[in-house]
Amino acid sequence: MSHEGTLLFLIAVLPFVGALLPGLMIRAGRTVCAVSTAVPTLLALIMLLVLAPAVLRGEVVQANIDWLPQLGLSASFFLDGLGLLFAAMILGVGLLITLYARFYLSGDDPMGQFYTYLLLFQGAMLGIVISDNILLLLIFWELTSLSSFLLIGYWKHLPEGRQGARMALAVTGSGGLAMIAGMLILGSVVGSYNLTDILQAGDAIRASEWYLPALILILLGAFTKSAQFPFHFWLPHAMAAPTPVSAYLHSATMVKAGVFLMARMWPALAGTDAWFYIVATTGLITMVIGALIALFKDDLKALLAFSTVSHLGLLTMLLGFGTEAAAVAAVFHIINHLTFKAALFMTAGIVDHETHTRDIKRLGGLRHLMPVTFLIGTVAALSMAGIPLFNGFLSKEMMLEEASHTDWFGSPYAVPILATIGALLSVAYSFRFVSHVFLGPKREDYPNAPHDPPFGMWAAPAILAFLVIVIGVAPFLAEGIVTAAANAITGADLHPHLKIWHGVTPALWMSIVAVLGGAVLLTLHRPLDRAWISAPRPEAKPMFDGLVAALVAASRWITDISHNGAISRYLAIFTITSVLLGFAAYSGSGLAMPTRGLLGVPPVIAVGWIMLIVATVSIVVMHHYRFRALTLLGIIGLSISAGFAYLSAPDLALTQISVETVTIMLLLLALHFLPKVTPKESAIGLRIRDGIIALAAGGGVGSLAYAFMMRDIETISDYHIDNSYEGGGGTNVVNVILVDFRGYDTYGEIIVLGIAGLVIYALMHALLDGPAAKRLKNTDYSQDRSRDRHPLMMVVVTRVLMPIALVVGLYIFLRGHNQPGGGFVAGLVVAIALLMQYMASGFAWTQERKKIEYHTMIGLGVLVAGLTGIGAWLLGQPFLTSAYTYVHLPPIEEFELATAMLFDLGVFLTVLGAVMLMLYSLSRIARFAGETVNVTPMDYDPGGYVTDEEAER
Amino acid sequence: MSWVLSLPLIIPFATAVFAFLLRNSPLGRWTSLVGSSVGLVASIALMSTVLHHQVITGQMGNWPAPFGITLVADLLSAVMVLITAITGIAVAIYALGDIDETRERLGYHALFQVLIAGVTGAFLTGDLFNLYVWFEVMLIASFGLLVLGGSREQIDGGVKYVTLNLISTIMFLTGIGLIYGLTGTLNLADLSGKLDAVENQGLVTVIAMLFMVAFGVKAAVFPLFFWLPASYHTPSFAVSAVFAGLLTKVGVYALIRTFTLLFDGDVGLTHTILLWVAGFTMVTGVLGAAVQNDFRKILSFHIVSQIGYMIMGLALLTPLALLGAVFYLLHHIIVKANLFLIAGVAKQLTGSTELAKIGGLYRSSPLLAALFLIPAFSLAGFPPLSGFWAKYILVKASLDEELWFLAFVALAVGLMTIFSMTKIWAEVFWKAHPDGRQPALSGLVGRTSLIVPIAGLALMTMVVGLMPEPFVTFAEQSAAQLLDPTPYITTVLGPQP
């Protein structure tokens with residue numbers, strides 16, 4: 001990169017780096033804070049001035065760093081005449097605003113934040129005007145929206161500030177999004193996102209079929225940013241910001257970004273009818289409407305805001321004309337508008353600051369009290385009105401000149417007449433600004449006694465007012481920069497001459513009409529104002545609010561329909577979606593011929609099958625009666641177990657039976673604490689609807705199952721069967737799959753089980769804290785409780801069964817690797833044995849005899865299984881690799897030891913722990929509900945029979 | 001290679017066990033934190049190995065594919081594991097200041113670590129049934145976290161959550177059964193080839209639909225997302241942050257994985273449906289958010305809306321679009337988890353999450369305000385934050401395909417997101433607290449543990465935003481792997497004929 005390039009890069013970066021300073025420096029005082037803001041700005045400005053001579057000679061300074069080359073983004077900057085003009089404005093006015101704000105902000109306002117935002121904004125704005133990549137430009141563009149959002153809402157205690165900030169962001173943000181799309185299209189038409197390339201490809205762009213969409217999308221971005229009709233409404237609401245912000249963003253810089261963009265894209269996009277009619281017409285309308293509204297605004301800043309809208313319209317119109325002379329006029333007016341409008345905003349800020357009001361109707365006669373302010377304000381306002389010897393006059397003349405020979409849809413009069421009306425209104429509100437605020441008699445009822453502010457506060461507007469006069473008297477001083485900028489816009493080699501006197505031209509007559517008409521209009525202001533106030537007119541704010549409200553209402557409607565909180569509706573939507581998608585996918589394709597025959601149906605199986613169906617249907621009918629439903633559930637489970645057994649899956653059958661048993665037992669225990677009947681919740685119509693949905697879904701799944709089960713396939717299970725003994729050391733392939741082939745799955749599943757135990761425990765905890773607790777406390781369960789809760793017979797039987805069950809469990813566990821069984825089933829069997837002890841003798845009694853805590857048991861189980869898996873690593877094998885060996889221990893016959901069994905032990909422990917934890921949770925509920933705690937094994941103690949003698953002793 | 005693959009999974013499991021055994025002691029939370037840190041190291045090791053080898057694979061139990069269970073890590077899996085670990089450690093730190101002792105005694109840290117393990121497992125598996133197992137692990141752990149220490153609201157949300165997710169898991173299981181019935185295998189790489197060979201492609205598409213629905217529920221896409229806004233605003237903030245960041249993304253990951261590797265036969269139908277799903281998800285989510293007036297509920301609906309963008313990338317199925325989807329996935333996890341963490345701090349400071357009842361944070365906690373702006377505007381797609389690139393890539397991808405309306409929807413939804421985020425900003429930060437409270441962070445440990453993860457995640461958002469190049473390049477390579485799964489398949493199964 002050249003030295004110039006490096007300098008340019010530094011200019012781009014400085015404000016962002018500098019943004020860190022004020023936030024830190026505020027601790028050192030307000031002046032230091034302001035100075036620390038001014039320093040980076042001043043540095044950047046000096047660097048810019050170093051580059052300026054070369055640019056004014058027509059050279060272009062470039063800097064380029066790759067950022068995201070895949071997507072066409074690079075951090076490339078270039079500085080040509082247009083960029084130089086804007087950069088100088090941004091930095092120059094930035095300095096003045098920094099000075100002004102130092103005195104404007106009160107001690108309560110967090111000044112550090114203000115200056116930080118200001119520098120961020122400055123950096124973003126600067127980035128826009130020197131970007132050489134449209135994506136980079138977009139990034140800076142959005143950054144200005146963001147930083148201006150923070151600035152507009154700076155006075156966060158004001159609701160209108162917060163709303164204004166959000167509105168500004170919504171409008172300019174949406175424009176920015178449109179622009180993203182537009183820029184993307186432009187980039188793909190040209191094949192590059194480099195601005196320099198794009199500007200040279202103007203002909204190709206205009207010839208492209210995507211020209212119009214790209215143009216409209218990009219213009220949407222420009223129009224929203226530059227507050228063009230009908231997007232102008234956000235600007236006045238952004239006036240809730242502190243005045244330095246208004247002066248900086250909403251007169252000098254940000255709102256000009258849209259104008260800048262149109263100027264920048266001029267070589268690529270301008271020169272077509274579409275450009276002329278869209279841009280010039282929008283500008284013209286905005287100019288007239290803005291000026292008209294401005295005339296009737298009583299708030300000083302609102303008046304200036306609408307006048308800004310109007311002047312932005314003027315600039316847009318000029319660029320829309322698409323002629324070189326119009327471009328020159330636009331550039332010149334950009335400079336002039338900057339000087340007088342920023343000065344006016346600062347004047348308005350001073351008036352507000354001193355009198356504590358911005359309402360024109362409460363002001364007047366200030367010239368006696370604030371002579372300096374009066375002088376500055378008047379100079380700037382006269383320039384705005386376009387009075388000779390002030391700079392506004394010159395560019396307005398050029399504008400009228402261009403307007404006077406512009407044809408609009410074949411009419412030579414439309415544009416000149418409307419332009420004159422715009423100028424006339426502009427004169428009227430400018431005069432009003434002077435006469436209603438400063439002239440007239442001195443009043444006694446200002447909210448605060450005004451006087452001129454300290455020098456620091458009026459210095460900045462004074463400098464601008466000085467410029468207004470200098471350029472107005474000696475316009476040739478601006479010729480260099482105007483030429484450079486205009487050449488950069490048009491790509492032509494122009495040599496405009498800026499003069500005070502152009503001779504007697506149509507523009508002069510239009511000007512005279514405007515000034516005289518404006519003066520007349522002002523004298524009629526009072527009756528006109530009354531008419532304006534009483535006349536119905538569309539107000540943008542309520543319309544925008546209404547739009548937002550309508551959008552929210554529509555959203556609420558949509559959300560409420562789909563999201564009413566009823567789980568049945570969610571399930572219905574889910575099921576319908578699945579069925580529809582399934583049908584959509586299947587429709588059209590046929591089903592291949594079945595390659596398997598149907599198995600025969602022996603009578604026993606048919607009976608079982610019918611039982612299953614009857615039980616299932618009954619459960620649907622009777623699900624309101626919990627106990628019956630539970631019984632039916634048992635039938636279904638057992639039928640399924642039988643089905644597994646019939647289909648040669650003894651492992652599954654065994655597992656299913658034990659799971660079924662444990663589940664039903666636990667559910668029975670839980671049932672006790674539930675209301676006996678659930679309320680019927682849905683109406684008959686809904687139930688029919690749900691029935692149809694359910695049948696469709698069931699039918700779908702059924703037919704799918706049929707389609708798949710009738711076909712032969714090759715599966716990986718053949719490998720499992722072949723390798724079960726040799727590789728896994730077990731002849732029960734199901735168990736070897738569980739603990740070895742797919743031990744990893746099992747590992748996951750035991751964790752699920754363990755966590756389930758935990759979750760139930762946690763849920764119980766929550767329940768006993770919640771509203772259900774009240775019901776439990778208040779229900780009397782003693783009525784339906786047996787007199788003999790722990791009957792002798794049951795206690796005896798379960799005690800006898802206990803060791804047997806334990807041995808069976810051990811047996812099932814040990815044989816698992818070769819015969820149906822394994823850790824899972826063994827865990828359940830032992831759990832059942834323990835469950836029975838609890839049922840027989842009550843929880844407390846059994847609990848006392850428990851040695852290991854259930855939580856720990858779960859943890860241990862997972863740990864053992866995990867360690868088994870990790871053990872394989874020590875031998876350099878993958879996780880869960882198993883090993884086995886045969887051990888001969890006399891007098892037992894030779895048996896096999898496999899690491900898989902250790903894994904299975906983990907499974908066993910986890911299952912046992914989880915089930916017991918669930919039981920424990922239930923018993924907590926029971927005790928909470930007032931069940932008495934027994935410490936003896938049974939209510940009637942046979943050993944407790946005591947003779948009288950013993951009793952006496 | 002196997003231990004590199006299994007460690008990111010074993011570590012959280014081991015941590016879970018120890019944290020569980022120590023649940024009644026203050027050591028439990030530190031165990032969790034240490035475990036998360038070690039897990040992060042392990043996932044970094046995995047990432048660097050994968051960067052070197054592109055795809056790595058390991059066979060559990062040393063049984064060869066497709067007979068044993070395969071673990072595979074390609075670029076997408078590895079980076080998802082890494083980001084899971086990052087989210088995990090952020091939330092583990094945050095939990096020090098957010099989770100009370102009651103929840104700890106009920107096993108919060110164990111549940112949390114199991115959740116992380118489940119998510120990691122889902123990203124790493126190369127086996128369809130194993131994926132189901134991890135879904136179950138996630139489901140039960142997340143349900144536990146959801147109802148832990150529960151209020152009535154939590155239980156209500158938890159029931160909806162678990163019901164709908166269980167149904168979707170059943171759907172998933174049905175799909176697995178059917179696909180096994182069709183091909184006789186469960187290994188993803190194996191399935192990829194065998195599904196193409198099935199003569200009746202109609203049945204394959206039907207199964208594809210079942211998976212689309214099952215994963216669609218998990219990913220919370222239109223019209224299956226109801227469980228999410230019904231439950232995500234109820235649990236503790238650390239929990240909802242990890243949910244918001246990771247859970248739905250597992251669904252998105254599963255969709256991306258299966259609909260690039262397995263179901264690419266009838267793209268005309270499946271991916272067109274996904275395209276519509278994407279559009280509706282974006283719109284309904286953001287509209288739902290516009291209605292809400294609660295910090296966390298707004299964020300919850302935005303999860304849905306953002307999922308739409310990722311699905312959009314998958315549905316377009318171009319290299320650029322998939323790149324966008326991957327990038328979006330990564331960006332969104334960080335941003336969304338962070339927003340929920342911030343909401344938690346806001347709740348601690350102001351006493352509520354209802355916008356009308358809170359405020360004043362800008363004045364009293366400017367640091368928090370600044371930290372909110374970063375993820376909030378990143379979510380909305382403001383440059384130069386990560387979300388801008390994510391949205392930009394997807395919009396460009398849809399414009400390249402000349403899908404104007406979709407591009408418009410994507411941009412408009414971005415605008416609506418700005419609307420929501422500025423609503424939160426104006427109400428929670430700018431506006432004064434209605435009680436006149438001056439909420440300020442207090443307590444050294446609480447302050448650090450809450451702010452450090454937020455600041456860290458915000459920093460990552462900034463880094464991705466300012467230096468997107470390496471991340472985009474990575475996403476590009478990852479997308480290329482997804483579009484051409486040959487290396488994936490050959491690594492798992494060996495050279496194919």
Side-chain angles (χ1 to χ4, degrees), chain A residues 68 70 139 142 146 153 156 162 166 169 173-174 177 181 184 552 555-556 558-559 563 567 570 573-574 577-578 581-582 585-586 589 592 704 708 713-716 719 740-745 748-749 751-752 755-756 758-759 762-763 765-766 770-771 859 862-863 866 873 877-881, chain B residues 2-3 6 13 17 20-21 58-63 66-69 106-107 114 130 133 136-137 140-141 143-144 147-148 150 152 160 163-164 178 181-182 184-185 200 202 205-206 209 213 223-224 226 287-288 290-291 362 382-384 396 399 407 411 414-415 418 422 426 430 468-469 472:
Chain A
L68 193 54
Q70 295 101 318
I139 290 175
E142 295 290 50
L146 180 59
K156 54 204 176 295
R162 300 198 293 266
R166 288 185 68 201
L169 187 66
S174 54
L177 291 174
L184 278 172
V552 170
S555 312
R556 189 179 306 274
I558 293 172
T559 310
H563 204 96
I567 200 160
Y570 302 161
I573 293 175
F574 169 86
T577 309
S578 317
L581 284 179
Y586 191 63
S589 68
L704 273 177
F708 284 91
I713 44 152
E714 263 181 44
T715 73
I716 51 170
Y719 174 92
D740 201 337
F741 288 119
R742 301 190 68 97
Y744 190 58
D745 282 343
E749 289 295 351
I751 286 163
V752 172
I755 297 290
L758 280 191
V759 170
L763 262 178
H765 196 90
V862 175
L863 196 62
W873 283 350
Q877 297 287 337
F879 187 58
L880 284 175
T881 306
Chain B
S2 155
W3 63 270
S6 355
F13 272 139
V17 172
F20 178 66
L21 296 175
Q59 290 300 125
M60 291 300 95
N62 214 14
W63 297 103
F67 308 108
I69 296 171
L106 289 171
V114 167
N130 193 237
V133 171
E136 283 219 320
V137 171
I140 193 74
F143 178 58
V147 298
L148 207 61
R152 177 181 206 155
K160 279 173 189 152
T163 311
L164 285 154
L178 293 176
L182 201 59
T185 186
N200 193 342
T205 314
V206 174
M209 293 302 176
V213 171
L224 308 167
F226 308 108
L287 290 183
V291 182
Y362 180 86
F382 257 81
K396 184 167 159 46
L399 285 178
L411 288 171
L415 183 71
I418 297 176
T422 55
W430 267 348
E469 204 273 337
V472 169

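Residue numbering restarts at 1 for every chain, and letters A, B, ... go by the order of the sequence lines.
Residue contact with chain A, scored on non-hydrogen atoms closer than 4.5 Å, involves the backbone and the side chain of B:E136 alike. Neither the backbone nor the side chain of B:A407 comes within less than 4.5 Å of any heavy atom in chain A. With a 4.5 angstrom heavy-atom cutoff, B:V206 touches chain A via backbone and side-chain atoms both. Only the side chain of B:L399 comes within contact range of chain A, with at least one heavy atom under 4.5 Å from a heavy atom of that chain. Contacts of B:I418 with chain A are made by side-chain atoms alone, with heavy-atom separations under 4.5 Å and no backbone atom involved. Both the backbone and the side chain of A:E142 come within contact range of chain B, with heavy atoms under 4.5 Å apart.
Residue with the most contacts toward chain A among B:L411, B:V472, B:T422: B:T422 (heavy-atom pairs, distance under 4.5 Å). Residue with the most contacts toward chain A among B:L21, B:L182, B:V137: B:L182 (heavy-atom pairs, distance under 4.5 Å). Options B:T163, B:L106, B:L224, B:N130 differ in how many heavy-atom pairs under 4.5 Å they form with chain A, and the most are formed by B:N130. Per-residue heavy-atom pair counts under 4.5 Å with chain A were compared for B:T205, B:I140, B:V213, and the maximum is reached by B:I140. Per-residue counts of heavy-atom pairs under 4.5 Å with chain B were compared for A:S174, A:A181, A:G173; the largest is that of A:S174. The residue among A:L68, A:D745, A:V759, A:I755 with the most heavy atom pairs within less than 4.5 Å of chain B is A:D745. The choice from B:G144, B:P66, B:P468 that makes the most heavy-atom pairs within less than 4.5 Å of chain A is B:P468.
Annotation for B:P384 and A:I139: closest pair CB-CG2, 4.2 Å, computed over non-hydrogen atoms. The shortest non-hydrogen separation linking B:A141 to B:V114 is CB-CG1, 3.9 Å. Closest heavy-atom contact between B:M60 and B:S6: CE-OG, 4.1 Å.
Atom CG of B:L164 is separated from atom CZ of B:F226 by 9.0 Å, given to the nearest 0.5 angstrom.
Looking at B:F13 and A:I751, their side chains come closer than 4.5 Å, going by heavy atoms from C-beta outward.
B:F67 is linked by a ring pair (Phe, Tyr, Trp, His ring centres under 6.0 Å) to A:Y719, counting only residues two or more places apart in sequence or in another chain. Under the rule for a side chain to side chain donor-acceptor pair (under 3.5 Å), the partners of B:T185 that lie at least two apart in sequence or sit in another chain are B:D190.
Formation of a donor-acceptor pair under 3.5 Å by the A:R162 side chain with backbone atoms of A:G153 is not found in this model.
Ring geometry for B:W430 versus B:Y362: interplanar angle over 60°, hence perpendicular rather than tilted (30 to 60°).
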